[in-house]
Amino acid sequence: MRHAGGVSRDAVADPVLHRRRRQRLLDALGDGLLLLPTAPEQRRNGDVLYEHRPGSDFHFLTGFPEPEAVLAAWRTGRGRHRAVLFVRPRDPVREVWDGPRAGVAGAVRAFGADAAHPIGELWHRLPDLSCDHARLFHRLGVDSAFDRRLLDAFATLAQKRRRRQPVAHPAIEDPIPALAAMRQRKDPAELAAMRAAAAATVAGHIAAMRATRPGIREYEAQAALEAAFRRHGSPRNGYPSIVASGPNACVLHYHENDRRMRAGDLLLVDAGAEVGGCTGDVTRTFPVSGRFTSAQAAVYRVVLRAQLAGIRACRVGAPWTRAHVVCVRELTKGLVELGALRGDVDRLVRKQAFKPFYMHGTSHWLGRDVHDVGAYDDDHDRPLSLVDGAVLTVEPGLYFGAKDQRAPSALRGIGVRIEDDVLVTRRGPVVLTAAAPKAIDEVERLVGRS
Ligand code: GLY
Ligand code: MN
Ligand code: MN
């Protein structure tokens, strides 16, 4: 059995929306031919493929769900462009196995392409398509097979253009920075998807809290989490769920998820549901038996205080790093209170004395990709300012390894992270995932209450 193909659940047939996005991008890029493939299919083993997920940029501009698809688009005048989709043609035999395809006609009818052709015709049509363009917008280095075929097409193009030497092929420019800037500032449709992803993500975290009790394995809590994601309209996760109990909470991207949980453990769950192509990214940490020990509660309060301060720092015009600066100061103050560090807080911050216990950043852009596109620094390596419509995470944590001699013995084996998704607006930060409980008493009331 070949598992592949018919992934119409990712179809977003909204031609007006996608035409508007393409026009904005092409206006930002200027004249030239944009060539954008979707994500390539990936083989898992034998004849089994990984589930296909459309490439984020491609899906943003087309809403087209199927693998083996390429967008070609160019401006045709002020406020106008032409979009051509290359797609898998209808194939009654393959569709029996893989499910229905939009086909060439469907790419035009449902997805609003101006024209469509079978994907097999891409390479012999490309020389003609690119003949009249001095610039070609394509990111090299992502798909080497695609790049190689592009070079072959240029050889044909050189023949066609031999009377116009010395220009054998168009100048290749990277469209991704312009695309990333567009994606970073969410449009209303993206925001609706972000809110839906946040709602499903919250539902999952609440379900995981309710399902957790001593004696079950981490993957059982994961099953409750992800079942709730699915029930709330999420066909897949935005990234592999981290369900890390006890000492595993100190492994930042833990993914084994198979330890049996014990009374007295904390469980750290970092997971996000994808809806409409966008993902949530939330972390909650809670006691497996429903009651924080005093050491766990002391650490938790420090992290929560830091996170709330970090969220308040996410304001239009502030550097995106302000949340990190604020969190690091709060965490350092807390580390002194907890007896893990000694000395003057400002000096400890300057020396980065927190690093053994807080070794990751506080924020990243969030959107279609969990670590989403978008620049962080300007050309002088200075942090960019937050803009209205950007979404970022705020995710401080403290991690005391079970065998870490630098940590007070009462804290060893405790790992806490608290993460929410924050929309930056002119009226201040909006926490999209605020409905996931994080106050100690709220969390304690939920755990184990299935
Ligand atoms: N879930 C990955 C992260 O928080 O960055
Ligand atoms: Mn994150
Ligand atoms: Mn996360």
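Everything numeric here is computed off the predicted structure, so don't read it as measured data. For the single chain, residues carry numbers from 1 onward in sequence order. Indexing begins at 1, ligand by ligand and atom by atom, following the structure's order.
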For this session: Under 4.0 Å from a heavy atom of E419: give me the atoms of ligand 1 that qualify, with their elements.
Result: 4 (O)

Problem set entry | Atoms in ligand 1 flagged as close to H364, the criterion being non-hydrogen separation under 4.0 Å |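 Per the distance check, 3 (C), 4 (O), 5 (O).
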
Problem set entry | Options R417, E395, H371, H360, ranked by nearest heavy atom to atom 4 (O) of ligand 1, top entry |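 Nearest option to atom 4 (O) of ligand 1, by heavy atoms: E395.
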
For this session: Output the atom name for the N/O/S atom of D281 with the smallest distance to the Mn ion (ligand 3).
Result: OD1

Exercise. In E419, which N, O or S atom comes closest to the Mn ion (ligand 3)?
Worked result: OE1

Under a 3.5 Å threshold, yes or no: a donor from one side chain and an acceptor from the other, between [X] and [Y]?
X: D27; Y: H81; answer: no
X: S56; Y: D369; answer: yes
X: Q222; Y: E226; answer: yes

Exercise. Is there a side chain to side chain donor-acceptor pair (under 3.5 Å) between D281 and H371 once you walk through the steps?
Worked result: CA-CA 9 Å; D281 181 9; H371 296 160; 5.1 Å; no

For this session: Let me know which of E256, H255, E218 forms a side-chain hydrogen bond (donor to acceptor under 3.5 Å, both in side chains) with N248.
Result: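 Among the candidates, only E218 passes.
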
Problem set entry | Sidechain N-carboxylate O distance under 4.0 Å for D57, R139 |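 A salt bridge is absent here (no side-chain N lies under 4.0 Å from a carboxylate O).
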
For this session: Find, among atoms of E395 that are N, O or S, the one nearest to the Mn ion (ligand 2), and state its name.
Result: OE2

Exercise. Using heavy atoms and a threshold below 4.0 Å, how should the contact between T283 and ligand 1 be classified: side chain, backbone, both, or neither?
Worked result: neither

For this session: Could you walk me through whether Y399 and H360 pass the side chain to side chain donor-acceptor pair (under 3.5 Å) test, one step at a time?
Result: CA-CA 10 Å; Y399 311 92; H360 59 76; 2.7 Å; yes

Exercise. For the Mn ion (ligand 2), does an N/O/S atom of H371 lie at less than 2.8 Å?
Worked result: no

Exercise. Do any N/O atoms on H253 end up under 3.5 angstrom from N/O atoms on ligand 1?
Worked result: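 By distance alone, the answer is no.
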
